[in-house]
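Remarks on the structure that follows.
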Number of protein chains: 2
Amino acid sequence: MTDTIERALAEIKFDRDGLVPATAQQHDTGEILMVAWMNRDAVRVTLTEGRACYWSRSRAKLWRKGETSGQVQLLREMRLDCDGDTVLLLVDQKGVACHTGRRSCFFRAWRDGGWAVIAEPQIDPEILYPDRAG
Amino acid sequence: MTDTIERALAEIKFDRDGLVPATAQQHDTGEILMVAWMNRDAVRVTLTEGRACYWSRSRAKLWRKGETSGQVQLLREMRLDCDGDTVLLLVDQKGVACHTGRRSCFFRAWRDGGWAVIAEPQIDPEILYPDRAG
């Protein structure tokens, strides 16, 4: 298993910070949920555990998506682009992807000269992250 | 027009190289076509001209998608994520997105311990880029 995953990693070209952008897409609807970053360990964890794990640049640590909120992303398939420097995760998103409580992080659209909010939260963020609610 | 686009740019958080990752999605089918990079000028051109323009890191220049191949991406909508550090382009892709002649750059899938090629070229790259064929 480990050797196999090392072969997967060998084809991925990480940047000078050891990261690649990862786009997460809901496998059946095609909805783009979020874009985050993965390092080698995040790829290892994602393939081993079958759920999306990213590298949090702000917290400088591995971030198993949903570890706090419960809103996990079960991995359906990992894909790699032609240049090998960005990955696509087809996932089954439990609940919502965005920390604001919205299904997708891409809830702002450039319309009529402004960033329009095109989706409302489905869950109160304070329910997702009770420890942060103060 | 210019002032308006500057307001759009003000909400985008470019990285230390002045770039953000941009995911291009076919607007009607939901297919992920590619992920590339945009700087401020690429965003300006994309919003002004209504077609996707990226920053080519390898060539260190603006890259109007399709300028050589004719495989342009007409912009349907630009979206911004919650953190403002990555954008999603909903586009209408003419022809194919990938320089290999495939519709999507994400034609490799991690299956059974290897990167499987899951799509074939629709167009010969030598037809897309005749000047490079020699």
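Scope of the values below: all heavy atoms of this structure, side chains included, with no hydrogens, waters or symmetry mates. Residue numbering restarts at 1 for every chain, and letters A, B, ... go by the order of the sequence lines.
Residue D112(A): no heavy atom, backbone or side chain, is found under 4.5 Å from chain B. Within the 4.5 angstrom heavy-atom criterion, no atom of R102(A) approaches chain B. In this structure, chain A has a heavy atom under 4.5 Å from the side chain of I12(B), while its backbone stays farther away. Contact annotation for R57(A): only side-chain heavy atoms (C-beta onward) come within less than 4.5 Å of a heavy atom of chain B. Interface residue I118(A): only side-chain heavy atoms are found under 4.5 Å from chain B. Heavy-atom distances place both the backbone and the side chain of T86(A) under 4.5 Å from chain B. No part of L33(A) comes within reach of chain B, as not one of its non-hydrogen atoms sits under 4.5 angstrom from that chain.
Between R79(A) and I32(B), every side-chain heavy-atom pair lies at or beyond the 4.5 Å cut-off. Counting only heavy atoms from C-beta outward, the side chains of W110(B) and V43(A) never approach each other to under 4.5 Å.
Contact between E77(B) and A109(A) at its shortest, heavy atoms only, is OE2-CB, 3.3 Å. Of all heavy-atom pairs spanning V87(A) and F106(B), the tightest one is C-CE2, 3.8 Å. The two residues R108(B) and D83(A) have their closest heavy-atom pair at NH2-C, 4.4 Å. Among all heavy-atom pairs drawn from T100(A) and C82(B), the shortest one is CG2-CB, 4.5 Å. Between D81(A) and V35(B), the shortest heavy-atom distance links the atoms OD2-O, 4.5 Å.
By the criterion of side-chain heavy atoms lying less than 4.5 angstrom apart, applied directly or through intervening Ile, Leu, Val, Met, Phe, Trp or Tyr residues, L19(B) is grouped together with L62(B) in one hydrophobic cluster. Placement of V45(A) and L9(A) in two distinct hydrophobic clusters is found when ILVMFWY residues are connected by side-chain heavy-atom separations under 4.5 Å, directly or transitively. Grouping the Ile, Leu, Val, Met, Phe, Trp and Tyr side chains by contacts below 4.5 angstrom, directly or via other members, places Y54(A) apart from V72(A). Hydrophobic clustering of Ile, Leu, Val, Met, Phe, Trp and Tyr side chains at less than 4.5 Å, counting indirect connections, unites M78(B) with I5(B). No path of Ile, Leu, Val, Met, Phe, Trp and Tyr side chains, each step under 4.5 Å between heavy atoms, connects M34(B) with L90(A), placing them in separate hydrophobic clusters.
Judged by distance alone, the side chain of E31(B) and the main-chain N or O of G30(A) form no donor-acceptor pair under 3.5 Å.
Of the inter-residue distances, the one linking W115(B) atom CH2 with L80(A) atom CG reads 4.5 Å to the nearest 0.5 angstrom.
Using a 4.0 Å cut-off between a side-chain N of Lys or Arg and a carboxylate O of Asp or Glu, R16(B) and D17(A) qualify as a salt bridge.
Annotation: maximal heavy-atom pairing with chain B below 4.5 Å, among A8(A), A116(A), S104(A), occurs at A8(A).
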